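This one's a predicted model, so the numbers in the text were calculated from it and none came from an experiment. First the proteins, then the strands, lettered A, B, ... as listed; each starts at 1. Computed from heavy atoms alone, side chains included, the values below leave out hydrogens, waters and symmetry copies.
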Amino acid sequence: MRLHYRIDDRDVQLDVSHRGEGYTVTLDGRELDVEILSAQPGELQLRCGEQRSRAYVAVRGDDRFVFLNGRVFSFRRPADIHELEEENGNGGPHVVAQMPCTIVKLLVQPGQQVAEGDGLLIIESMKMETEIAAPLAGSVAAVHVRQGETVGLRAPLVDLDPVPPAGET
Amino acid sequence: MRRWFDKILVANRGEIAVRVLRSCRELGIRSVAVCSAADRRALHASLADEVVEIGPASPLESYLRIDRILEAARETGAQAIHPGYGFLAENADFAAACAAAGIVFIGPSAAVIAQMGEKTAARRIMQEAGVPVVPGDRLPAPGQDGELDAEPVRAAAARVGFPLMVKAAFGGGGKGMRLVQDGEDVVAAASAAAREARKAFGNGTVYLERYLQRPRHVEFQIFGDSQGGAVHLNERECSIQRRHQKIIEETPSPALDPQLRARMGEAAVAAARAVGYVGAGTVEFLLTQEREFYFLEMNTRLQVEHPVTELVTGLDLVRAQIAVAAGEPLPWRQEEIAARGHAIECRLYAEDPAHDFRPSLGEILLLREPAGPGVRVDSGVRQGDEVSQHYDPMIAKLAVHGPDRGAAIERATTALRDYAVLGITTNAPYLIDILEHPAFARGDTHTGFLAEHLPGWQGNGRDGEELALAAAGLHELLFAVAAAAAGGPGRNSSMPSPWERLGRFRLHGLD
């Protein structure tokens, strides 16, 4: 996944990819191998080389705040749909499982048109059912899971081909 | 145990209101909080048995309204009022109004507050009691045009000697103050200070005081009771100040040995006795590099920095304030008061030290306070609270206790590095840099420390930025993809992310 951040006047591009047990974060050509030791919204425990750190993260609109080793960093993340388009190369985002879960019900089929916010599928995790909504309008390019299936973190669930925004072709 | 009061009203907000309310609860005393409209959901208001809203956000219309606060006390049947510090804590009219209403003011009498509030009167009383004061001289009151007669000012300046300070008799907080070097125009400086003092304090009386070079600020906690008892609870050194505002305090002072401590302690108790002091107070001294000490002023209230005294003595000053206000004798004799180890307090401010210390306002999105042995946090805020422009930017105090000064410094820096506040900017990195400065480690502190050692502080640039970006990116990946997609150009960002509703969870297989 490619992410763009702005720090004061600087623009920074961040590529995050899954590798083995951890992640590789590429930043201005430099690679950082980071393992996530634990994670919950707002709090990550990370290992980077020999160093273990606890990072707290808060979000307000486009603002991102990170507390790390006694220091606070502020970034802006201009919301940009192109980040998602870059992800699977066919123009649309993967909708992925953000935690291990069981697929309770599929609500869409390949080829189906969906509007932003339409339900794609229902998952269950931590004994709670949650409907996953389409992050944007488009057509369903692929459905990667079956009803009743249990999937792990970051498993692809549904691919979407976005409807081109008005004015673009 | 006998209950000293059935109900106490706390006429303050923020961390000090929280501190006092906790003591009330511990003592089984019912508590009343007052709050402004902006503070309805503030931490202090949530901790009291009853809450009375006393006005709009502006302190002038709420926390400084003597009539509203007394009305709240009458309405709720509170027998005593604890003023905290700031707001009405050193307002003689408020103490007098409490007395007139038959409500116990937890603090000294209105007469003592008034005497000590006028700096020139306080200096005279202390001189008569044999307490050394900074050499200085009064000036005649300015004329109708606000100008001072040149001749008496020049004569007084010649007696005091240069460099000297012009200070406001009814002032504080750096207003109405001027430093005058030899050869500079003392008459112009005194007149300017007088005009400033008249605007700020409603009284333009100023006086001259010799300017001491690189002094330490060393103050003594004193305590008196209504039976005439008076003790001191050792010193606090508060030399680390920015624009006359203390930001780091410690006890014991690295500059004191037992002999000097005993001499200064005796002077502090003499000061308390000279005015028949009842309750908790502080006698502030300037201590020169030559180890001479001079009375600076007396604060007739509980100090912000009282926790360091509590940590080393093991005593509860608020509890003692309440007992003494109820007419009890002091709970300790001088020889029973002993200090162990070293304590340091850091004041956490919602301000940006890299940008002229400008206040940082807004919602506290995330708050994780440090904990552990010898770590005490006195906080006035919770996660989700709004830091508003109406009130003091000090949101919390971190106080640590260690076996010696070095251990206390390490404990303080470690705790500050664990103190996560997101959404607003705090001075925590600045505090860490002060504590880790070699001059601070040596105990070589004086009131000009920050101007000398950390001018134009800018922080540590981009250290750690890469990992912080990685953390932001990973957090995005794990928790916020849907939310980010919904926030795209021209899109409605109110679409809920399913993950926001799930709350805490732990990723399996990653431990």
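- Here the side chains of B:L469 and A:I7 are in contact, with some heavy-atom distance below 4.5 Å.
- Within 6.0 Å of CG in B:D404 there are more than 12 heavy atoms belonging to other residues, nucleotides or ligands.
- Shown here is A:R30, whose CZ atom has no more than 12 heavy atoms of other residues, nucleotides or ligands within 6.0 Å.
- Judged by distance alone, the side chain of A:R60 and the main-chain N or O of B:G423 form a donor-acceptor pair under 3.5 Å.
- Ranked by non-hydrogen atom pairs under 4.5 Å with chain A, the options B:A428, B:G362, B:A470 are led by B:A470.
- Within a 6.0 Å sphere centred on CZ of B:R41, heavy atoms belonging to other residues, nucleotides or ligands number 12 at most.
- Using a 4.5 Å heavy-atom cutoff, the side chains of B:T425 and A:V72 are not in contact.
- Counting only heavy atoms from C-beta outward, the side chains of B:F479 and A:L44 approach each other to under 4.5 Å.
- Atom CZ of B:R376 is surrounded by more than 12 heavy atoms from other residues, nucleotides or ligands within 6.0 Å.
- When heavy atoms are compared at a cutoff of 4.5 Å, B:A468 approaches chain A by way of both its backbone and its side chain.
- Taking A:V16, A:D63, A:L27, A:V34 one by one and counting their heavy-atom pairs under 4.5 Å with chain B, the maximum is reached by A:L27.
- In this structure, the portions of A:Y56 lying under 4.5 Å from any heavy atom of chain B include both its backbone and its side chain.
- Between B:G473 and A:L3, the shortest heavy-atom contact is CA-CD1, 3.4 Å.
- Chosen from B:L416, B:D463, B:T413, B:D418, the residue pairing most often with chain A at heavy-atom distances under 4.5 Å is B:D463.
- The contact between A:S53 and chain B is made entirely by side chain atoms (from C-beta outward), counting heavy-atom distances below 4.5 Å.
- For A:V57, the parts lying under 4.5 angstrom from a heavy atom of chain B are both the backbone and the side chain.
- A 4.5 Å side-chain heavy-atom check between B:V421 and A:F67 finds every atom pair outside the cut-off.
- Heavy-atom distances place no part of A:R47 under 4.5 Å from chain B, backbone and side chain included.
- Contacts of A:V25 with chain B are made by side-chain atoms alone, with heavy-atom separations under 4.5 Å and no backbone atom involved.
- To the nearest 0.5 angstrom, B:L467 atom CG is 5.0 Å from A:L68 atom CG.
- For the pair A:L46 and B:A471, the tightest heavy-atom approach, listed with the atom from each and the gap, is CD1-CB, 3.8 Å.
- Taking CZ of A:F75 as the start and CD of B:E465 as the end, the distance is 5.5 Å to the nearest 0.5 Å.
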Verdict with reasoning, A:Y23 to B:L478, per side chain to side chain contact (heavy atoms under 4.5 Å, CB included): CA-CA 12 Å; A:Y23 293 84; B:L478 293 173; 4.1 Å; yes
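- Heavy atoms of A:R54 lying under 4.5 Å from chain B are absent altogether.
- Within the model, atoms CD1 of A:I36 and NE2 of B:H475 stand 10.0 Å from one another, a figure rounded to the nearest 0.5 Å.
- A:D11 CG: more than 12 foreign heavy atoms inside a 6.0 Å radius.
- When all heavy atoms are compared, the tightest approach of B:A472 to A:V66 is CB-CG2, 3.9 Å.
- Note: B:E466 CD to A:L14 CG = 10.0 Å, rounded to the nearest 0.5 Å.
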